[in-house]
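Counting starts at 1 for both ligands and their atoms, following the listed order. Start at 1 with the first residue, then count along the sequence.
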Amino acid sequence: MIQIKESLLQIKDAFEGQLNNVKTSSEAEAIRVRFLGKKGELTAVLRGMGTLSTEERPVVGQIANDVRSDMESKLQGVIHRIEAEENDRTLVEQKIDITLPGNAPPMGGRHPLYKVIDEICDIFMNLGYSIAEGPEIEFDSYAFERLRLPEGHPARDEQDTFYITDKILLRPQTSPVQVRVMEKTQPPIKIVCPGKVYRSDALDSTHSPIFHQIEGLFVDQHVTMGDLIGSLRLFARKLFGEDTKIRLRPHHFPFTEPSCEVDISCWGCGGTGCRICKNEGWIEVLGAGMVHPEVLKMSGIDPEIYSGFAFGIGVERTAMGRYGIEDIRLLFENDLRFLRQFR
Ligand code: PHE
């Protein structure tokens with residue numbers, strides 16, 4: 001019995017000695033395993049209790065329990081202290097300054113031209129139109145012949161159109177998409193086609209060799225000029241506000257008959273005259289007309305049964321009006337100081 005008691009106290013001493021040198025929680029764990037674990041020294045000693053008499057056993061048992069709980073609580077104390085220290089250390093080492101502003105990823109924004117395109121397409125989609133597309137590199141048959149632009153027409157001149165070969169060119173308008181849609185679809189047809197067009201114009205504040213149009217086409221039975229006017233009036237009001245008026249001026253396009261140019265009342269002055277409309281009170285934004293019967297026929301649609309209207313909206317002009325942009329070049333120069341204003 002004396003021997004067991006002594007062993008217990010020795011273990012306790014050894015334990016405390018080692019505990020004093022512990023610096024990390026893994027060292028503390030190693031000591032726990034060594035002294036208090038199932039295969040630890042204390043357990044080994046307690047196994048020897050079987051040799052004791054029944055009177056001795058409770059006495060030694062008591063001592064053993066006291067020693068164990070003393071060791072356990074000392075170990076706990078050390079573990080707490082180490083954890084607190086380790087915690088403090090990580091806080092210092094991994095210090096972050098939460099007052100620094102974060103690194104915001106640079107966010108892009110929609111280009112003003114495409115905002116206007118989206119808005120216009122939305123208006124027509126709400127009227128039941130769908131979006132069509134066509135190539136920017138086009139055959140002259142679609143760009144000219146089947147739109148009734150005969151050879152010798154000024155638009156076919158190399159001064160106006162970029163040719164790639166004799167027969168292939170950069171489309172100078174989105175109207176060829178009318179033909180492409182009609183040759184594949186029987187009426188009713190209701191499409192808008194936004195896209196880039198190319199003309200051999202010198203760059204200045206109102207002209208650019210690349211610009212955008214939105215072509216519209218509606219073909220069905222009994223479509224009239226009244227439908228065209230009603231649709232365009234609705235479009236103008238939706239885009240520029242309920243008080244907007246439209247004005248049609250007779251014009252000539254080879255692929256529509258009758259044809260017109262359409263002005264809308266100036267968004268700057270409402271029609272009384274200002275700098276934006278150069279005192280006209282009106283601003284031209286699109287060309288339109290009733291699809292020429294020969295164009296329908298060439299595209300495989302019977303003009304005896306069907307009629308239709310078409311229009312082509314100038315996107316740059318519309319965007320410049322919408323946002324008060326005075327120089328078309330701003331739309332193509334990719335200057336972020338300019339573009340950020342539309343985010
Ligand atoms: N394509 C014509 C232009 O570029 C506009 C237009 C489209 C006119 C459709 C009539 C019908 O000016």
Atoms in ligand 1 flagged as close to Gln213, the criterion being non-hydrogen separation under 4.0 Å:
3 (C), 4 (O)
Taking the basic N atoms (NZ, or NE/NH1/NH2) and the acidic carboxylate oxygens, is any pair closer than 4.0 Å for Asp201 and Arg199?
no
Looking only at heavy atoms of Phe255, does any of them come nearer than 4.0 Å to an atom of ligand 1?
yes
Can you check whether Arg199 has an N/O within less than 3.5 Å of an N/O in ligand 1?
yes
Counting each atom of ligand 1 from 1 as listed, which ones have a heavy atom of Ala310 under 4.0 Å away?
9 (C), 11 (C)
Pairs touching residues 202-229 that satisfy ring pair (Phe, Tyr, Trp, His ring centres under 6.0 Å), sequence neighbours left out
Tyr114-His212, Phe218-Phe309
Mind checking whether Phe311 and Phe124 have ring centres under 6.0 Å apart?
yes
Nearest protein heavy-atom contact for atom 6 (C) of ligand 1: which residue, which atom, what distance?
Gly287 O, 3.6 Å
Have a look at ligand 1 and work out which part of Phe311, if any, has a heavy atom under 4.0 Å from it: side chain, backbone, both or neither.
backbone
Do Val197 and Met320 sit in one hydrophobic cluster, given that two such residues count as connected whenever their side-chain heavy atoms are within less than 4.5 Å of each other, even indirectly?
no
What is the nearest protein non-hydrogen atom to atom 7 (C) of ligand 1, stated with its residue, atom name and distance?
Gly312 N, 3.2 Å
Atoms in ligand 1 flagged as close to Ser175, the criterion being non-hydrogen separation under 4.0 Å
1 (N), 7 (C)
Cation-pi check for Tyr142 against Arg180: NZ or CZ below 6.0 Å from the six-membered ring centre and within 45 degrees of the axis, yes or no?
yes
Interatomic distance, Lys238 atom NZ to Ile123 atom CD1 [nearest 0.5 angstrom]
7.5 Å
Can you check whether Ser25's main-chain N or O pairs, donor with acceptor, with Glu29's side chain at less than 3.5 Å?
no
Just jot down the ligand 1 atoms closer than 4.0 angstrom to any heavy atom of Gln173, in number order.
1 (N), 2 (C), 3 (C), 4 (O)
Considering heavy atoms of the protein only, find what lies nearest to atom 12 (O) of ligand 1 and give residue, atom and distance to 0.1 Å.
Phe253 CE2, 3.6 Å
Any ring pair (Phe, Tyr, Trp, His ring centres under 6.0 Å) pairs touching residues 18-74, not counting sequence neighbours?
Phe15-Phe35
State the atoms of ligand 1, each with its element, that fall below the 4.0 Å cut-off from a heavy-atom position in Gln178.
9 (C)
Using heavy atoms and a threshold below 4.0 Å, how should the contact between Ser259 and ligand 1 be classified: side chain, backbone, both, or neither?
neither
Is it the case that more than 12 heavy atoms not belonging to Glu119 sit under 6.0 Å from its CD atom?
yes
Can you tell me which portion of His251 lies within the under-4.0 Å heavy-atom range of ligand 1? Options are side chain, backbone, both, or neither.
neither
